[in-house]
There are 2 protein chains.
Amino acid sequence: MANRSMLDPTSDRSLADQLADILRTAIHSGSRSQGSQLPSEREFENDYGVSRTVVRDALDALVLEGLVVKRKGFGTFVRRLPPVRRVSSRNRHDLHRTADKPVFDVEAALNGRVPSRQLLSVGREQAPADVAQWLEIEIGAIVVVRRRLQLLDDNPAVISASYYPLWLAEGTMLESSDALKRGPDAEIEALGHPPAWGTEVFRARMPNPQERRLLALDAGVPVVRMLHIDYTETNRPLQVADDLYAADQHEFAFMWTSEEGPAPA
Amino acid sequence: MANRSMLDPTSDRSLADQLADILRTAIHSGSRSQGSQLPSEREFENDYGVSRTVVRDALDALVLEGLVVKRKGFGTFVRRLPPVRRVSSRNRHDLHRTADKPVFDVEAALNGRVPSRQLLSVGREQAPADVAQWLEIEIGAIVVVRRRLQLLDDNPAVISASYYPLWLAEGTMLESSDALKRGPDAEIEALGHPPAWGTEVFRARMPNPQERRLLALDAGVPVVRMLHIDYTETNRPLQVADDLYAADQHEFAFMWTSEEGPAPA
DNA sequence: TAGTGGTCTAGACCACCTT
DNA sequence: AGGTGGTCTAGACCACTAG
């Protein structure tokens with residue numbers, strides 16, 4: 001069909017941009033619905049009278065925006081948006097203590113999802129620069145690291161690495177290769193070091209190929225890296241938790257109250 | 001030169017992936033330093049014995065990861081990482097009141113950057129769905145909207161839209177097309193409605209082309225959308241601030257303390 | 001087996017930037 | 001003017017997925 005007229009080769013905008021615009025509008029307006037299949041690349045080629053390169057450039061742009069998903073050997077589809085889990089920043093210590101479960105499990109339950117986890121590795125490593133800085137130790141000093149992949153409904157959701165200073169973790173369950181039933185936070189408290197306060201710092205960025213594989217990310221999905229640092233009452237760092245979230249599955253929430261007023265609902 | 005031997009056409013991994021890996025490693029190891037120019041696409045073509053398509057696929061992947069930047073008619077360069085501004089979540093009300101300046105200005109100063117702003121538009125609009133929900137009004141109800149672009153050292157940094165319910169903003173300075181010297185938060189307080197508490201919710205995603213243009217984003221840089229909602233003491237929503245941050249220029253920080261203990265440094 | 005997206009080649013012309 | 005990245009064509013072969 002001569003839809004060719006819909007693309008203007010004399011325009012300032014590239015043919016791929018124009019085609020992407022047409023599809024973007026169709027998707028946002030709902031005239032191409034979530035999960036529906038788009039024409040094949042060869043069909044677009046014929047319909048719009050352009051080369052496959054142009055079609056692919058247009059579709060790839062939409063993939064990067066997270067609007068469509070390509071499935072090799074099958075087709076291209078308007079992306080279904082996954083449900084979002086809300087992660088709340090608050091006193092993790094209180095959160096796990098009231099439920100006697102790891103924080104991740106508590107929040108998953110609040111969102112009606114089934115949590116699980118795979119322990120990836122436990123061992124001693126040299127602390128990377130930023131972790132060392134937060135732990136207030138030398139760069140390259142030895143720390144205990146627990147790496148795990150946390151899942152929601154069996155879908156990878158968070159890559160976690162927890163770094164513990166040797167003075168705290170040496171010879172404890174934190175160095176054990178078994179899963180910690182109560183979660184590391186409870187373990188730390190059991191060692192006689194209840195966290196008194198903490199800081200969270202995070203940034204969003206694009207994942208590297210390894211992270212994209214582990215989290216099974218669609219193309220064009222950013223990750224949010226959150227560093228969570230717990231301190232003792234005497235301001236000694238207890239742990240650095242380095243969590244990497246798939247950005248299309250998580251949102252983050254925080255609250256403040258003025259002065260000492262009671263916290264509202 | 002026959003660097004050709006460094007790419008393996010029989011590998012499972014694509015030639016573009018292999019080339020990207022080589023360059024990624026070189027960049028991370030520092031053997032290609034920040035700001036340095038890469039060989040041209042035609043040079044890579046010769047050096048590795050592949051077509052320009054392969055070279056472009058490899059370089060484009062690195063662009064998406066934010067590792068390199070292409071400049072048309074000039075060359076391809078290892079990206080310089082911009083300085084990061086840390087945004088702290090806390091009582092915005094307190095923050096501006098102690099400084100008598102907009103929060104953005106206070107935080108910019110803390111980071112040693114020069115803040116400025118362009119007022120994009122002021123007027124009445126229909127509230128989008130999520131804003132209406134937070135303001136506890138009907139979807140499509142009329143609200144007052146102030147849109148502005150906030151800059152650091154004259155570089156676009158944040159796209160902001162603030163939504164005010166009519167009962168609050170009607171006929172006030174909040175509807176004025178002039179810049180608000182003290183910032184909107186001070187204006188709201190001056191109207192007799194000091195915010196008592198607030199919530200922040202945010203997600204990371206890829207920008208759309210318009211957002212990418214306004215924020216002058218490099219390719220492959222995500223944005224962080226933060227919704228900030230302020231409430232009166234009687235839990236009445238005062239405003240929804242919708243801020244869009246360039247993710248490569250901002251990180252976000254939060255703090256918690258256990259119980260009523262004094263806040264540490 | 002037929003159709004899909006993934007990869008790759010070997011060209012071409014353009015707009016842009018520097019010297 | 002000469003080199004750069006941006007766009008585009010017209011093919012080709014591959015690996016994957018369905019019926």
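Proteins come first, then strands; the chains are lettered A, B, ... in the order of their sequence lines, and each starts at number 1. Both backbone and side-chain heavy atoms feed into the values below; hydrogens, waters and symmetry mates do not.
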Leu67(A) vs His28(A), side chain to side chain contact (heavy atoms under 4.5 Å, CB included): CA-CA, chis, key distance, verdict:
CA-CA 9 Å; Leu67(A) 286 180; His28(A) 280 137; 4.0 Å; yes

In this structure, how many angstroms lie between the P atom of dG3(C) and the CZ atom of Phe44(A), rounded?
18 Å

Taking everything shown except Gln37(B) itself, do over 12 heavy atoms lie less than 6.0 Å from its CD?
yes

Does Phe252(A) have its ring centroid less than 6.0 Å away from the ring centroid of Phe202(A)?
yes

List the atom of Leu152(B), the atom of Ala108(B), and the distance in Å for their closest heavy-atom pair.
CD2-CB, 3.6 Å

Angle class for the His250(B)/Tyr245(B) ring planes (parallel below 30°, perpendicular above 60°, tilted otherwise)?
perpendicular

From NZ of Lys70(B) over to C1' of dC17(C), roughly how many Å is that when rounded to an integer?
16 Å

Atom-pair distance (CG on Asp12(A); P on dG6(D)), nearest Å:
17 Å

I need the Gln150(B) CD to Asp243(B) CG distance, nearest 0.5 Å.
6.5 Å

Thr76(B) side chain N/O closer than 4.0 Å to the phosphate oxygens (OP1, OP2) of dT4(D)?
no

Out of curiosity, Arg146(B) CZ to Ser160(B) OG, how far, rounded to the nearest 0.5 Å?
11.5 Å

Considering only nitrogen or oxygen atoms on both sides, find all protein atoms under 3.5 Å from nucleotides 7-11 of chain C and state each distance.
{"residue": "dC8(C)", "atom": "OP1", "partner": "Leu15(B)", "partner atom": "N", "Å": "2.7"}
{"residue": "dT9(C)", "atom": "OP2", "partner": "Ser51(B)", "partner atom": "N", "Å": "2.6"}
{"residue": "dT9(C)", "atom": "OP2", "partner": "Ser51(B)", "partner atom": "OG", "Å": "2.5"}

Below 3.5 Å is the cut-off: list the nitrogen or oxygen pairs between protein and nucleotides 17-19 of chain D, distance only.
{"residue": "dT17(D)", "atom": "O4'", "partner": "Gly73(A)", "partner atom": "O", "Å": "3.4"}

Where DNA chain D forms stems, i.e. three or more consecutive Watson-Crick or G-U pairs with both distances under 3.5 Å
C:1-18 with D:1-18

With a 6.0 Å cut-off (strictly less than), is the heavy-atom count around CD of Gln133(B), excluding the residue itself, greater than 12?
no

Within the side chain of Glu251(A), is there an N or O that forms a donor-acceptor pair under 3.5 Å with the backbone of Val201(B)?
no

Measure from CD on Gln37(B) to C1' on dT4(D) and round the result to the nearest Å.
9 Å

Residues in residues 58-65 of chain B with a heavy atom under 4.0 Å of DNA chain D, by number, are none

Tell me which pairs pass ring-ring contact (aromatic ring centres under 6.0 Å, His included) where either residue lies in residues 50-88 of chain B, with sequence neighbours left out.
Phe74(B)-Phe77(B)

Does Arg13(B) offer a backbone N or O that forms a donor-acceptor pair with the side chain of Gln18(B) under 3.5 Å?
yes

Partners meeting side-chain hydrogen bond (donor to acceptor under 3.5 Å, both in side chains) with Arg225(B) (sequence neighbours left out)
Asp130(B), Asp242(B)

Would Lys70(B) and Asp60(B) pass as an ion pair if we require N to O under 4.0 Å?
yes

